[in-house]
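Structure, as structure tokens:
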Amino acid sequence: MKSDNPTSNLTHQFVINDYLHQLFDAVNVISVQGYDNERRVIYWNEGSERLYGYTKEEAIGQKIEDLIIPEPMCEFVIEAHSDWVKKDIEIPASEIILQDKDGNNVSVFSSHVMFTNQYNTKQMYCIDIDLSDVKKAQAEASFNEDMLKTIFGAIPDLFFLMENDGTILEYHASNETDLYTKPKQFIGKKMGDVLPEEVAKKFETYISLVLEKEQMMSFKYELALLHGLVFFEARINKITEHNQLMVIIRDITEQHKADEIIRHQAYYDSLTLLPNRFLALDRLSQLLIEAQRNNEKAAVLFLDLDDFKKINDSLGHETGDKLLIESAQRLQEALRKDDTVGRLGGDEFIVLLRGITDHHAALKITEKLLNNFRAPFKVEGREHILTASIGVAIYPENGTTVADLLRNADTAMYQAKSYGRNTYSFFTKKMNVIIQRRLVIEEQMRDALERNEFELFYQPQFDAKNKHIIGAEALLRWHNPVLGNVTPDEFIPIAENTGLIVPIGKFVISQALHFLNTWQSTCKRQQKYTMAVNLSPRQFRDVGLLSFIQNSLSEANVNPESLELEITEGVLMSCHTNVVDILTEITALGIYLSMDDFGTGYSSLSYLREYPFNVLKIDRSFIDGIVLNNEDCNLVKAIIAMSHSLGLTVVAEGVETKEQHTLLNELGCDFMQGFYFSKPIPAEQFLDFSMNFDKK
Ligand SMILES: Nc1nc2c(ncn2[C@@H]2O[C@H](COP(=O)(O)O[C@H]3[C@@H](O)[C@H](n4cnc5c(=O)[nH]c(N)nc54)O[C@@H]3COP(=O)(O)O)[C@@H](O)[C@H]2O)c(=O)[nH]1
């Protein structure tokens with residue numbers, strides 16, 4: 001029965017559905033609304049209040065189209081409701097956008113039921129589930145998907161999604177052109193089905209590791225593609241919750257090339273392209289591991305170019321570099337592919353020989369290396385002779401570690417140098433004794449000046465004609481409590497190498513000049529004696545040398561022309577840029593310059609013309625044989641004549657016999673020095689000797 005009063009009509013409708021309303025009242029997350037046959041609200045639960053913003057009081061009695069149906073849908077809703085009420089055409093459940101009290105869209109999944117109550121009145125109940133969270137999540141998911149697509153598209157890497165067993169599920173590739181296999185062909189397959197065996201195995205290994213350790217792993221591999229070798233880096237990570245793996249593959253060819261260049265620079269010598277010290281020593285340590293494993297011998301050769309510094313200094317660094325490059329090539333040519341030649345630095349090379357059967361095998365290769373240096377080196381149209389000295393240490397006899405073998409090969413090389421260069425020497429334990437002594441000498445020499453262990457001996461020099469003493473040569477002696485008396489032949493080279501010759505040399509100059517002053521003042525004949533002092537090449541690098549000499553002369557009150565500085569060709573060949581200037585300044589001061597040991601070394605006549613020498617000393621090795629050997633006699637005769645023609649005074653050193661003295665006098669030699677007259681003697685003794693000699 002239809003009532004005109006909507007409220008009373010509604011009231012009894014409530015009663016009818018009360019049990020359902022109780023149920024809907026308890027559910028506040030779902031909106032449940034009840035409508036009578038004229039679409040007026042008869043029920044509005046708390047869920048509806050929350051979803052649409054109308055209170056129950058506001059909603060009851062209102063028509064659905066006046067509450068939550070957006071304007072454009074009203075007609076359709078009214079018609080659909082009428083069809084359902086009148087024709088029993090059900091309104092299907094659907095996703096629909098309604099609107100709340102404020103006019104905002106509300107996305108819901110709306111289901112509907114139609115009841116007919118005991119008054120035969122139709123009542124429609126709508127059950128709306130809020131979809132805004134779902135929609136939001138969907139929008140987020142869609143955004144994330146778009147974002148991922150954009151990222152994948154922008155990154156040149158290749159992405160594979162895999163099952164834990166390695167089956168490829170999905171891929172993303174922004175550029176498929178340069179790939180070994182088209183990624184599509186990967187789907188449903190494993191790496192082993194599409195990549196070369198070796199690379200596939202790597203993938204399998206790393207997939208197992210990632211699953212086992214549950215952490216990201218990466219590895220590198222290379223593939224030969226149509227356009228060349230391409231280097232890749234693969235990173236594999238587990239997507240834990242999904243039992244899947246993400247593999248990211250990056251083309252690292254360019255980076256690999258750059259790394260190669262850096263590696264090459266770090267491990268190879270840029271001039272000769274040989275392995276540098278670091279790599280060569282690393283190879284040596286590998287070689288020793290192998291030799292030990294295979295119970296084999298190995299040889300370490302330490303090779304040093306002879307007098308390379310002089311060549312470098314005199315011919316210039318460009319020529320020096322070219323000679324080093326060609327030396328490296330010649331060394332490589334003498335070796336087997338398995339052997340290594342490396343540059344340790346400067347003119348030092350190392351050669352590593354593996355699988356050496358015995359010393360003889362190492363010897364043959366060493367001789368071959370030296371032999372490869374026999375032919376002259378041609379640089380810019382000029383020929384140069386370059387030789388090398390080689391020290392050999394054999395594993396395991398001469399050492400089992402890199403350090404021992406290197407040190408012993410180096411020791412042997414020094415021995416080869418002392419044999420006269422252009423030769424080799426195999427390490428022996430005895431050499432260590434020599435090295436050991438050298439170290440003790442060095443150690444003792446450091447404080448020898450402070451301990452007052454040096455003393456000057458003086459050897460008189462005579463006028464060849466009248467046998468008058470004209471001067472002396474100051475010769476250094478070293479008395480050390482640990483080593484005893486050490487000869488200058490042994491300690492001077494060490495002093496030169498360590499630079500200790502600089503302070504020691506100053507001591508010599510100062511002592512010799514003070515002694516000269518004493519000597520001259522005690523001389524009854526008022527003779528102006530000269531004092532010859534040896535200067536070694538290293539002293540020329542001391543910037544204070546000249547001023548020191550000047551000060552010493554004035555302190556000792558000695559005239560510059562009484563001082564004679566003896567230098568060897570070594571000084572001139574060291575080509576120290578200042579040498580010419582210093583020599584010129586020395587002579588400008590009035591000091592005499594003497595060319596010592598003439599006849600040994602290069603004996604370059606051009607030096608005599610180039611530099612302002614006053615005196616030439618013929619080496620005693622020539623004087624030795626002048627009486628017995630015609631050739632030596634003729635040579636000495638020629639040297640004297642040539643020196644005189646250049647205005648030089650000639651001193652013969654090492655005169656030991658009367659015959660030598662007589663002959664040298666006949667040959668026109670000016671002055672003489674030697675055991676025939678006197679050995680070098682201490683200062684006091686020398687003064688006595690000189691005084692007694694003058695009396696004669
Ligand atoms: N830079 C410096 N070098 C120096 C100094 N003192 C010495 N030396 C050099 O050491 C080398 C060896 O010197 P020494 O053992 O003193 O030998 C000298 C003479 O004793 C020796 N001599 C002289 N006469 C004879 C002889 O008749 N027979 C013979 N067998 N030996 C003889 O010759 C050496 C002198 O050589 P030289 O200097 O070439 O005139 C030696 O090279 C010294 O130069 C120093 O203070 N600084």
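Heavy atoms only: backbone and side chains are in, while hydrogens, waters and symmetry mates are out. Note that ligands are numbered from 1 as they come in the structure, with each ligand's atoms numbered from 1 the same way.
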When distances are taken from atom 38 (O) of ligand 1, the protein heavy atom at minimum range is E473 OE2, 2.8 Å
Assign the ring pair F462 / F677 to parallel, tilted or perpendicular, where the plane angle (0 to 90°) is split at 30° and 60°. parallel
Select the closest option to atom 43 (C) of ligand 1 among I623, V533, L475, judged by heavy-atom distance. L475
Counting heavy atoms only, which part of I492 comes closer than 4.0 Å to ligand 1: side chain, backbone, both or neither? side chain
Ligand 1 to E653 polar contact by distance, N or O atoms, under 3.5 Å: yes
How about E631: does its CD atom have over 12 heavy atoms from other parts shown lying under 6.0 Å from it? no
Could you label the plane-to-plane angle of the Y529 and W519 rings as parallel, tilted or perpendicular, counting under 30° as parallel and over 60° as perpendicular? parallel
Out of V508, D624, D597, who is nearest to atom 46 (O) of ligand 1 when you count heavy atoms only? V508
Note: K322-E380 ion pair, threshold 4.0 Å (strictly below): yes
Regarding ligand 1, does Y676 bring an N or O atom to under 3.5 Å of one of the ligand's N or O atoms? no
Check if T487 has a non-hydrogen atom at a distance under 4.0 Å from any atom of ligand 1. no
Carboxylate-amine/guanidinium proximity below 4.0 Å for K617 and D597: no
Would you mind checking which non-hydrogen protein atom is closest to atom 24 (N) of ligand 1, with the distance to 0.1 Å? Q459 NE2, 2.9 Å
N/O to N/O below 3.5 Å, does that happen between E496 and ligand 1? no
Atom 2 (C) of ligand 1: the protein heavy-atom neighbour that sits closest, reported with distance to 0.1 Å: N534 CB, 3.4 Å
Is the backbone of N371 close enough, under 3.5 Å, to the side chain of R330 for a donor and an acceptor to pair up by distance? no
Protein heavy-atom partner closest to atom 21 (C) of ligand 1 - residue, atom, separation in Å: R620 NH1, 3.5 Å
Per-atom contacts, ligand 1 versus P680 - under 4.0 Å to a heavy atom: 20 (O)
Going by the atom numbers of ligand 1, which of them fall below 4.0 Å from some non-hydrogen atom of V655? 27 (O)
For atom 6 (N) of ligand 1, closest protein heavy-atom neighbour: L476 N, 3.0 Å
As an exercise, identify every atom of ligand 1 less than 4.0 angstrom from a heavy atom of D596. 37 (P), 38 (O), 39 (O), 40 (O)
Provide the number and element of each atom of ligand 1 under 4.0 Å from a heavy atom of E566. 38 (O), 40 (O)
So the atoms of ligand 1 within less than 4.0 Å of a heavy atom of D489 turn out to be 11 (C), 12 (C)
Could you go step by step and tell me if D542 and K506 meet the salt bridge (charged side-chain N to carboxylate O under 4.0 Å, His left out) rule? CA-CA 11 Å; D542 172 21; K506 284 181 176 167; 3.3 Å; yes
Using heavy atoms and a threshold below 4.0 Å, how should the contact between K679 and ligand 1 be classified: side chain, backbone, both, or neither? neither
Looking only at protein heavy atoms, which one is nearest to atom 28 (N) of ligand 1, and how far off is it? E656 OE2, 2.6 Å
What I want to find out is whether D404 reaches R407 closely enough, with some N-O distance under 4.0 Å, to be called a salt bridge. yes
May I ask whether atom 17 (O) of ligand 1 is less than 4.0 Å from at least one protein heavy atom? no
Is there a polar contact, in the sense of an N or O pair closer than 3.5 Å, between F675 and ligand 1? yes
Judging by distance only, is a nitrogen or oxygen of K617 under 3.5 angstrom from one on ligand 1? yes
Is Q673 in polar range of ligand 1, meaning some N or O pair under 3.5 Å apart? no
Take atom CD in E490; do more than 12 heavy atoms of anything else shown fall under 6.0 Å from it? yes
For E450, is the CD atom crowded, meaning more than 12 foreign heavy atoms sit under 6.0 Å from it? yes
Of all the atoms in ligand 1, which lie at a distance below 4.0 Å from a heavy atom belonging to G674? 24 (N), 27 (O)
Going by heavy atoms, is R477 under 4.0 Å from ligand 1? yes
Got more than 12 heavy atoms from elsewhere within 6.0 Å of NZ, K637? no
Gap separating the CG atom of L324 from the CG atom of D269, nearest 0.5 angstrom: 8.5 Å
Return the orientation label for the Y611 and F613 ring planes: parallel under 30°, perpendicular over 60°, tilted otherwise. perpendicular
Taking atom CZ of F507 as the centre, does the number of heavy atoms from other residues, nucleotides or ligands within less than 6.0 Å exceed 12? yes
Give a yes or no on this: more than 12 heavy atoms of other residues, nucleotides or ligands lie within 6.0 Å of atom CZ of F308. yes
Around atom 15 (O) of ligand 1, find the nearest protein heavy atom and jot down its residue, atom name and distance. P488 CG, 3.4 Å
